Amino acid sequence: MSATALPRAAVTRPVPVHTGPRVVLGDAVVVAGRNLRHLTRNPQLLVFATIQPVMFVLLFRYVFGGAIAVPGGSYVNYLMPGVFAQTVAFGAIATGVGLAEDLSKGLIDRFRSLPMARSAVLAGRTLADLVRNVGVVTLLVLVGMAVGFRVSNGVLALLGGLALLLLFGFALSWVFALVGLLTADAESAQAAAFPLLFPLTFASSAFVPVQSMPGWLQTFAANQPVTAVVDAIRALVLGGPAGSLVLKALAWSLGLLVIFVPLAVRRYRQSG
Amino acid sequence: MTSLAINAEGLVKAYGPVVALDGVDLAVPEGTVLGLLGPNGAGKTTAVRILTTLLRPDAGRAEIAGVDVVAHPQAARSLIGLAGQYAAVDELLTGRENLVMAGRLNHLGTSCAKQRADELLDRFGLSDAGGRTVKAYSGGMRRRLDLSVALVARPPVLFLDEPTTGLDPRSRTDLWEVIEELVGDGTTLLLTTQYLEEADRLADRIAVIDAGRVIARGTAAELKADLGATVVEVGFGDAATAGLAVEVVRPYGTLTGPDDSHRLQLTVNDGPHVLVQILRGLDAANLAPARLAVREPSLNDVFLSLTGRPAEPGADLVADANRSAA
């Protein structure tokens, strides 16, 4: 049988192709719905997402907190913005691990063979992280209140701080989307994430003042995104000049998005 | 006039120094089934990945119903359904949720997607399991779900990449029946398989692929006829007798064996005539056969004669399992 023995399709059928921002958003919402369902079906994910940050609040409030001196005196007020940032930072691993798992199980191939928006799998995944973060952070605020966390600047300032936090979490989800696509299996994605996140969250102002660290570490700690976001939230929630800190935190989050969204989408198109 | 649902010309794909496809042409007329048959690593999956827009070819072109897969991948995607080697369904969703998600991502609309999901669950005998998470499904159920997900948007062209690999014989036969029914409805199908029996049963035409090249093509009957042969099998009680018998039968055809069960297999041109001569020769040498059979060549024999090696080690086992199930 030769390829030229039969005529090609005489008439190319008109094939409807769905495109546009509404399609991207619609597809992303479908994928996000799927990922949020996972959270309810896989108890491990739910435990990781909720119980662990609560444990951190209790650990630092009642075990380590007494030994840490902070400006302003109240450690629980100092601590909570730090735990918020740590929580969304570690939560972003879910995007990387989830994508790596989908890749290794062939689900990404299935998505890529569908006439759906190209960026929707990543957008849906990071959107699901965002929705989960809204829930987890709400829970953390309540737990914080229960152990003595008090907001001195009013509800609007708190909401502003949380918005800044959620944007940062969303940006990190895109960073880990790229990590997940590059590593392509869940264990490696997890293994790659921790060495990135440990210094970012612990060598920051999240749990202790940067000034208490040795000089060489201060240089890193004072100039990295977790510190920027935590300082901005603290200023908003607890009072103090917030303007330039908020701008710095915004710049970090938007900068990460500008760099990592295109990189992750490009990698998604190529992978396979 | 029949037009081509799948048309590929000169497909080349290399991964570094490894050439996965080395100039492959495929033409599948609408409503027919092409079996792409070959061992692991022959390039079957690479060909499917190019045709389903997952991979760009280094050279050559491919069209689905006249739509170029490289130039218009999104349009091509709306014409195809793909079920891969590893049942790509979401384990944490229910069967029904998997189907609804696929429907919505095919832009069917939510209510239409739900209706289609129920239709497919019913058709594939998954209605009762539709509300359970896929985690609890058997291998056969997963494959059926995977196949139904590929069919959500009623694609005119379907790709099945080793749809029954790893299934037990019973699930395999079940899936074959489902696929036969689909093809009966006019779906064009490209099926890759390592199982000769599967290609024989499901495919109108077969392309045998090895090391990135199509080394033979035709219907199962044509491939067997090309071999121009009957297979004579003579079994013996022990290795020593079989060893002596090798010398007796060797002149009459192409010999393989003796195998573990002291069986010699001879591909010959004139079966009945040669059989008599073989028996005379064995009798004269005082070698009594324990078993004797004359059969039409299988696709495994075809592959053996084309490449000098069996298609894959498990092929006989599968065929045997199916024979005993039948």
Side-chain angles (χ1 to χ4, degrees), chain A residues 1-20 22-24 26-46 98 101-118 120-121 124 269-272, chain B residues 1-5 7-10 25-27 29-30 49 52-55 63-68 72-94 97-98 100-102 104-107 133 135 146 149-150 152-153 156 159 205 207 217-218:
Chain A
M1 182 169 69
S2 128
T4 48
L6 288 158
R8 281 196 208 119
V11 183
T12 302
R13 320 166 193 216
V15 180
V17 176
H18 302 259
T19 48
R22 277 190 58 195
V23 175
V24 177
D27 289 352
V29 166
V30 174
V31 176
R34 168 214 171 214
N35 289 318
L36 288 170
R37 270 213 177 97
H38 280 192
L39 217 50
T40 64
R41 303 271 159 86
N42 190 343
Q44 229 182 320
L45 287 176
L46 203 62
E101 204 162 83
D102 288 350
L103 206 58
S104 64
K105 287 190 173 165
L107 270 161
I108 296 287
D109 274 352
R110 161 140 283 149
F111 288 134
R112 289 168 76 233
S113 76
L114 295 178
M116 61 185 282
R118 302 270 79 192
V121 171
R269 284 169 192 254
Q270 291 169 344
S271 56
Chain B
M1 208 196 300
T2 325
S3 53
L4 293 180
N7 187 20
E9 290 169 7
D25 300 333
L26 296 170
E30 268 179 17
R49 291 179 67 83
T52 55
T53 78
L54 299 180
L55 201 63
E63 290 175 353
I64 304 294
V67 175
D68 189 297
H72 307 289
Q74 203 70 342
R77 284 176 196 124
S78 62
L79 296 168
I80 60 167
L82 166 67
Q85 272 180 61
Y86 314 100
V89 283
D90 189 327
E91 290 199 327
L92 292 175
L93 298 188
T94 66
E97 286 167 347
N98 266 291
V100 172
M101 175 174 73
R104 293 182 65 189
L105 293 175
N106 271 292
H107 309 123
T133 53
K135 227 177 194 175
D146 189 46
V149 168
V152 160
F159 292 87
R205 303 185 67 83
R217 51 179 109 217

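Within every chain, numbering begins at 1; the chains are lettered A, B, ... in the order of the sequence lines, protein sequences first and strands thereafter. All values reported here derive from a predicted model rather than from experimental measurement.
Neither the backbone nor the side chain of A207(B) comes within contact range of chain A, judged by heavy atoms closer than 4.5 Å. Heavy atoms of R34(A) lying under 4.5 Å from chain B belong to its backbone as well as its side chain.
Side chains of H38(A) and D90(B) form a contact here, defined as non-hydrogen atoms less than 4.5 Å apart.
Here the side chain of D25(B) pairs a donor or acceptor atom with the backbone of G10(B) at under 3.5 angstrom.
Ranked by heavy-atom pairs shorter than 4.5 Å toward chain A, the options L93(B), T53(B), T52(B) are led by L93(B). The candidate from L105(B), L82(B), V149(B) with the greatest count of non-hydrogen atom pairs under 4.5 Å with chain A is L105(B).
Closest approach of I64(B) to L79(B), counting heavy atoms only: O-CD1, 3.6 Å.
In H72(B), the NE2 atom is not crowded: 12 or fewer heavy atoms of neighbouring residues, nucleotides or ligands sit closer than 6.0 Å.
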